[in-house]
Amino acid sequence: MSPTISYKDSSRQRRPGSYQNSVDMLKRELPPPDFCGDGRAEVGDDREALLQEPSVTPLGTPRGYRAELGSILLLLFLYVLQGIPLGLAGSIPLILQSKNVSYTDQAFFSFVFWPFSLKLLWAPLVDAVYFKSFGRRKSWLVPTQYTLGLFMMYLSRQVDSLLGEEDGKSPDVVALTVTFFLFEFLAATQDIAVDGWALTMLSRENVGYASTCNSVGQTAGYFLGNVLFLALESASFCNKYLRFQPQPRGIVTLSDFLFYWGAVFLITTTLVALLKKEDRERHPSKEETKGIMDTYKLLFSIVKMPAVLTFCALILTAKIGFSAADAVTGLKLVEEGVPKEHLALLAVPMVPLQIILPLIISKYTAGPQPLNTFYKAMPFRLLFGLEFAFLVWWTPKVKYEGGFPIYYYIILLLSYALHQVTLYSMYVAIMAFNAKVSDPLIGGTYMTLLNTVSNLGGNWPATVALWLVDPLTVKECVGAQGHNCGTAAAAELCTKEGGSCIITLDGYYVESLICVALGFVWWLFLGPKFKKLQDERASSWKCRRTSS
């Protein structure tokens, strides 16, 4: 409904409790070290070392969080910085929509959100290649954040031209996509380094705080880069709520915002590089790593397992039914006149709900059959696709000169909140299932792979859904006989001849019906097979044993 739900369970969606899950898996009673792929022990040493690692200080007292408060605050701030590029990227589609770009262009720009779903492809490289004297994680974190800072400052001078602000031209969507794709690629690389550093920066008894830093920090960063930016960039919002004298522009511009955070990146990265040391003495065993090729072989051996292969095939198709509702609805509302900053502000009252929901839902997904919750929530989430289509149809009918009545926003907010219940029910169920079946002998690699596939299963349908809106839309040329609006060139010719293109069938409604229908087909025929995956023997998910 807004950018905050368009890609909610795709590229920017994190794994609540992933660090704590890793710790919990390490504490389980495990079988002897296993072998995977080519018969060599790929993992297991780190697991044993972590289990044997002293959880007390040299004086024999447990390390409380106060002893590591500085490291916890640093992690929190690094995750806040990580959320800024995510939030900015999420705001661009709404800005583009206000400039009447095509949905084909929106589909092309949606590739910007893919790096966070594909980071597993280069994560082994980040994990294995580093300068030992400088620090395993700092070797990537420092240059990546410096590049991000310089990139943002450079982009601050180019973004107005890319958006067509300076010369009145149409936005250069291709250049914007390439630019922000690189932007998100750097942010995803920073994420890999911070995630890895979090597990070694904190002692074993405090590592659970890394999950809190992750969720709180990244959410705060996204809020700053998306909700706060869109509000302060909007002239109407600032004039109505923040100013006594109206001005033609908002308090900040995208250029200003990029330059400011670019400077923040450069200053804080310099401080981290000079002042923060990686404590290799306290976690020597954690600093060991497998070779790059060994890690890729391990990933390939996991994917080849029948149970994992079936899971990947099913989860990559499970979210097709939600793609129109999640990816297109928010843009359609902007197209119908809902101010983009108002849509962004709908995310504010959702924050407490998004914190509480996983806690409540986890009670139902903590057992041996978490996918039952996924299966039960799916039809309700599909029906929201029809409800969102109705809201888009209803929007222009309640619009008046001053905007929209308060009851319209209340209905919009309630719809969004109920949608979040179904979304989180499915999301938490998948995360619980991934944690349940992941082989503890291969550390976080297994679960990261399953989470990556789950996220990708939300990304590709969103891109396709955006791309299909224009081809499914039917337009007629009114006021110029003998012309049509079947193509962009034909539509331009219609306008030149004094006519105008009128939409007779909006592709969004067609797509909404098709997606919901496909979703129910998946739920009826493939859903039971998906549920049966949780009944597979534990050995079906274990990495294949071979002789050494």
Side-chain angles (χ1 to χ4, degrees), residues 18-20 22-23 26 43 45-59 62-82 119 122-149 186-214 216-218 221 264-292 294-295 443-445 448:
S18 57
Y19 300 104
Q20 192 59 54
S22 300
V23 175
L26 288 169
V43 292
D45 295 339
D46 286 353
R47 173 185 65 93
E48 294 299 329
L50 280 171
L51 288 170
Q52 295 167 11
E53 180 190 347
S55 59
V56 295
T57 63
L59 296 177
R63 293 180 66 90
Y65 75 92
R66 294 179 186 275
E68 298 182 310
L69 186 59
S71 294
I72 291 172
L73 292 176
L74 174 61
L75 280 177
L76 179 64
F77 187 72
L78 290 176
Y79 280 120
V80 169
L81 291 182
Q82 184 186 119
K119 63 183 181 180
W122 66 94
L125 185 67
V126 176
D127 197 53
V129 179
Y130 57 93
F131 296 102
K132 200 169 185 178
S133 58
F134 189 56
R136 179 178 178 181
R137 305 305 175 183
K138 286 172 63 178
S139 293
W140 286 91
L141 180 71
V142 171
T144 299
Q145 288 199 169
Y146 269 132
T147 306
L148 270 168
L186 290 169
T189 304
Q190 188 253 22
D191 178 44
I192 297 168
V194 176
D195 282 353
W197 199 3
L199 291 173
T200 58
M201 187 184 295
L202 303 179
S203 59
R204 196 179 123 203
E205 61 271 21
N206 289 327
V207 74
Y209 287 107
S211 176
T212 305
C213 294
N214 184 332
V216 174
Q218 196 180 74
V264 171
F265 266 86
L266 293 178
I267 294 169
T268 56
T269 304
T270 301
L271 294 175
V272 170
L274 296 176
L275 303 179
K276 182 62 178 178
K277 305 296 182 184
E278 289 195 42
D279 192 353
R280 294 186 297 274
E281 296 300 322
R282 183 151 59 96
H283 300 290
S285 61
K286 290 185 183 180
E287 293 299 314
E288 300 301 323
T289 184
K290 298 184 292 294
I292 299 174
D294 286 342
T295 303
T445 303
T448 302

Query raised in the report: Taking atom CD of E68 and atom CG of L73, what is their separation to the nearest 0.5 Å?
Result: 12.0 Å
**Report entry** For the student: nearest non-hydrogen atoms of F265 and L81, plus distance
**Finding:** CZ-O, 3.3 Å
Report task. Determine, stepwise, if the pair D127 / R137 fulfils side-chain contact (heavy atoms from CB on, under 4.5 Å). Result -> CA-CA 8 Å; D127 197 53; R137 305 305 175 183; 3.0 Å; yes
Report summary line: Between the CG atom in L275 and the OG1 atom in T268, the distance rounded to the nearest 0.5 Å is 11.5 Å
**Report entry** Derivation and outcome, side-chain contact (heavy atoms from CB on, under 4.5 Å), residues K119 and T448
**Finding:** CA-CA 10 Å; K119 63 183 181 180; T448 302; 5.7 Å; no
Query - For F131 against S139, the heavy-atom pair lying closest together - result: N-OG, 3.0 Å
**Report entry** Interatomic distance, L69 atom CG to Y209 atom OH [nearest 0.5 angstrom]
**Finding:** 10.0 Å
Query raised in the report: Hey, does the side chain of E278 reach the backbone of R136 with a donor-acceptor pair shorter than 3.5 angstrom?
Result: yes
Query raised in the report: Atom CG of L271 and atom CG of L266: how far apart are they, to the nearest 0.5 Å?
Result: 11.0 Å
Query - Those residues that, when tested against A123, pass side-chain contact (heavy atoms from CB on, under 4.5 Å) (two or more places apart) - result: I192
Query raised in the report: Which atom names give the shortest non-hydrogen contact between T269 and V142, and what distance separates them?
Result: CG2-O, 3.5 Å
Query raised in the report: Picking from V194, V80, D195, what satisfies side chain to side chain contact (heavy atoms under 4.5 Å, CB included) with L75?
Result: V194
Query raised in the report: Closest heavy-atom contact between S71 and L202?
Result: CB-CD2, 3.8 Å
Query raised in the report: Quick check: does any side chain N or O of W140 sit under 3.5 Å from a backbone N or O of A193, one acting as donor and the other as acceptor?
Result: no
Query - Partners passing side chain to side chain donor-acceptor pair (under 3.5 Å) against T189 (at least two apart in sequence or in another chain) - result: W122
Query - Interatomic distance, L74 atom CG to M201 atom CE [nearest 0.5 angstrom] - result: 4.5 Å
Query raised in the report: If you take all heavy atoms of A198 and Y79, which pair is closest and at what distance?
Result: CB-OH, 4.2 Å
Query raised in the report: Can you name the closest pair of heavy atoms from Y130 and G135 and give their distance?
Result: CB-O, 4.4 Å
Requested in this report: Determine, stepwise, if the pair K138 / W197 fulfils side-chain contact (heavy atoms from CB on, under 4.5 Å).
Outcome: CA-CA 8 Å; K138 286 172 63 178; W197 199 3; 3.7 Å; yes
Query raised in the report: What is the distance from atom CG of L141 to atom CG of L78, rounded to the nearest 0.5 Å?
Result: 5.5 Å
